[in-house]
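Structure, as structure tokens:
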Amino acid sequence: MQSFLEEIADYILADKHSMENLVLVVPSRRAKRYLSKALSEKITTAVFSPKMYSIEDFVQELSGLQPIKAAALQFQFYEVYSQTAAAKQQSFEQFLHWAPVLLKDFNDLDAHLAPVVEVFDYMTSLEKIKSWAQEEETRTSVITNYLEFWKQAPALYHALYSTLLAQQMG
């Protein structure tokens with residue numbers, strides 16, 4: 001029984017197009033490796049290999065951005081945070097407690113092409129509703145700071161986005 005990638009290799013070879021003019025986009029680097037292997041096992045003559053990308057590499061090629069490592073992203077984000085939240089800035093240690101979660105939220109917003117300002121406005125409103133019974137004068141500083149944080153999130157997102165784009169990172 002043939003694997004799916006072997007069937008794809010047969011389909012590509014049966015198409016009789018010039019291999020060097022083909023560009024193939026596959027779901028992962030692993031699939032790219034196995035498709036290359038399946039093609040090489042089925043080709044009996046000397047030909048140029050088609051250009052193959054994993055979807056991640058293809059998007060990177062189209063965007064022109066280089067992926068940033070998680071640790072470097074956190075340092076970059078702390079710099080952006082330090083400039084954006086200069087008045088009520090937390091220490092780097094405190095920042096590391098909540099930054100990975102917010103970075104994941106930013107990534108999810110980008111992945112789903114969600115409107116950032118609207119989502120964070122909604123989150124701010126939701127947090128206000130959760131603390132609705134407390135008058136502004138009786139709110140604790142923790143609740144007040146938490147609400148301010150949600151108001152500040154879109155500015156952090158846009159500042160980080162601009163900084164990374166200027167550095168050709170993503």
Side-chain angles (χ1 to χ4, degrees), residues 5 8 12 17-37 39 48-131 139 141-170:
L5 291 175
I8 295 296
I12 291 168
H17 287 289
S18 174
M19 294 285 276
E20 68 226 33
N21 294 331
L22 281 178
V23 176
L24 304 172
V25 180
V26 294
S28 66
R29 290 182 179 125
R30 185 179 197 181
K32 177 180 160 185
R33 185 172 50 246
Y34 283 109
L35 182 56
S36 291
K37 183 178 183 233
L39 281 170
F48 286 104
S49 176
K51 184 81 173 169
M52 265 193 251
Y53 294 100
S54 68
I55 190 72
E56 182 180 327
D57 294 337
F58 183 67
V59 170
Q60 183 178 330
E61 177 89 13
L62 286 178
S63 72
L65 301 176
Q66 295 298 313
I68 188 169
K69 302 280 187 216
L73 178 60
Q74 287 186 351
F75 284 117
Q76 188 68 51
F77 186 35
Y78 187 71
E79 284 183 33
V80 167
Y81 168 72
S82 298
Q83 295 165 0
T84 307
K88 294 186 177 183
Q89 181 181 344
Q90 295 180 355
S91 70
F92 186 67
E93 185 178 330
Q94 292 170 315
F95 170 84
L96 285 178
H97 288 291
W98 56 263
V101 175
L102 189 59
L103 286 170
K104 184 179 179 329
D105 290 345
F106 289 171
N107 190 45
D108 290 345
L109 289 170
D110 286 343
H112 294 94
L113 301 175
V116 174
V117 173
E118 288 86 353
V119 169
F120 283 115
D121 282 346
Y122 172 78
M123 293 301 294
T124 303
S125 299
L126 185 63
E127 294 305 324
K128 281 182 182 177
I129 290 170
K130 287 180 183 178
S131 63
R139 282 186 187 153
S141 63
V142 172
I143 292 173
T144 304
N145 290 341
Y146 190 65
L147 291 174
E148 286 301 315
F149 169 78
W150 282 109
K151 288 179 188 174
Q152 183 183 356
L156 288 171
Y157 171 86
H158 290 297
L160 179 63
Y161 185 89
S162 298
T163 301
L164 292 176
L165 201 56
Q167 297 174 1
Q168 296 290 304
M169 302 297 278

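- Under the salt bridge (charged side-chain N to carboxylate O under 4.0 Å, His left out) criterion, Lys104 pairs with Asp108, not counting sequence neighbours.
- The shortest side-chain heavy-atom distance between Tyr53 and Lys32 does not fall under the 4.5 Å cut-off.
- Within the model, atoms CG of Leu156 and CG of Leu103 stand 9.5 Å from one another, a figure rounded to the nearest 0.5 Å.
- At a threshold of 4.5 Å between non-hydrogen side-chain atoms, the residues Phe106 and Phe77 count as touching.
- Looking at every heavy atom in both residues, Ala159 comes nearest to Val80 through CB-CG1, 3.4 Å.
- Atom CG in Leu5 sits 9.0 Å away from atom CD1 in Ile12 (nearest 0.5 Å).
- Using modelled atom types, one finds no donor on one side chain facing an acceptor on the other under 3.5 Å when comparing Gln168 with Gln66.
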Exercise for the section: Determine, step by step, whether Leu73 and Leu164 satisfy the side-chain contact (heavy atoms from CB on, under 4.5 Å) criterion, reporting the C-alpha distance in whole Å, the side-chain angles of both residues, the deciding distance to 0.1 Å, and the verdict. Expected result: CA-CA 9 Å; Leu73 178 60; Leu164 292 176; 3.8 Å; yes
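- Taken from CG in Leu96 to OH in Tyr78, the straight-line distance is 9.0 Å, to the nearest 0.5 Å.
- Checked by atom type and distance alone, the side chain of Ser63 pairs as donor or acceptor with a backbone atom of Gln60 at under 3.5 Å.
- In this structure, the side chains of Met52 and Leu35 come closer than 4.5 Å at one or more pairs of heavy atoms.
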Problem - Stepwise side-chain contact (heavy atoms from CB on, under 4.5 Å) test for Gln152 and Thr84 - result: CA-CA 8 Å; Gln152 183 183 356; Thr84 307; 4.2 Å; yes
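- Of all the heavy atoms in Ser28 and Ser54, the pair that sits closest is C-CB, 3.5 Å.
- Listed for the Gln94 side chain is a donor-acceptor partner under 3.5 Å among the backbone atoms of Ser91.
- Within the 4.5 Å cutoff, the side chain of Glu79 has no heavy atoms near those of the Thr163 side chain.
- Aromatic rings of Phe75 and Phe92 (six-membered ring for Trp) have centroids within the 6.0 Å cut-off, being under it.
- When all heavy atoms of Phe120 and Pro154 are compared, the pair lying nearest together is CB-CG, 3.5 Å.
- At least one side-chain heavy atom of Pro50 sits under 4.5 Å from a side-chain heavy atom of Leu24.
- Looking at heavy atoms from C-beta onward, Gln76 lies in side-chain contact with Gln167 at the 4.5 angstrom threshold.
- Classification of the Trp98-Phe95 ring pair by plane angle, with boundaries at 30° and 60°, yields perpendicular.
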Practice task
Mind running side-chain contact (heavy atoms from CB on, under 4.5 Å) on His158 and Val117 for me, showing each step along the way?
Solution key: CA-CA 9 Å; His158 290 297; Val117 173; 3.8 Å; yes
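- Contact check for Leu165 versus Leu65: side-chain heavy atoms found under the 4.5 Å cut-off.
- Atom CG of Leu126 is separated from atom CG of Asp121 by 12.5 Å, given to the nearest 0.5 angstrom.
- With hydrogens and angles ignored, the 3.5 Å screen pairs no side-chain donor or acceptor of Tyr81 with any backbone N or O of Leu160.
- For residues 109-119, the pairs satisfying side-chain hydrogen bond (donor to acceptor under 3.5 Å, both in side chains) are Asp110-Tyr157, with sequence neighbours left out.
- For Arg29, the salt bridge (charged side-chain N to carboxylate O under 4.0 Å, His left out) partners at least two apart in sequence or on another chain are Glu56, Asp57.
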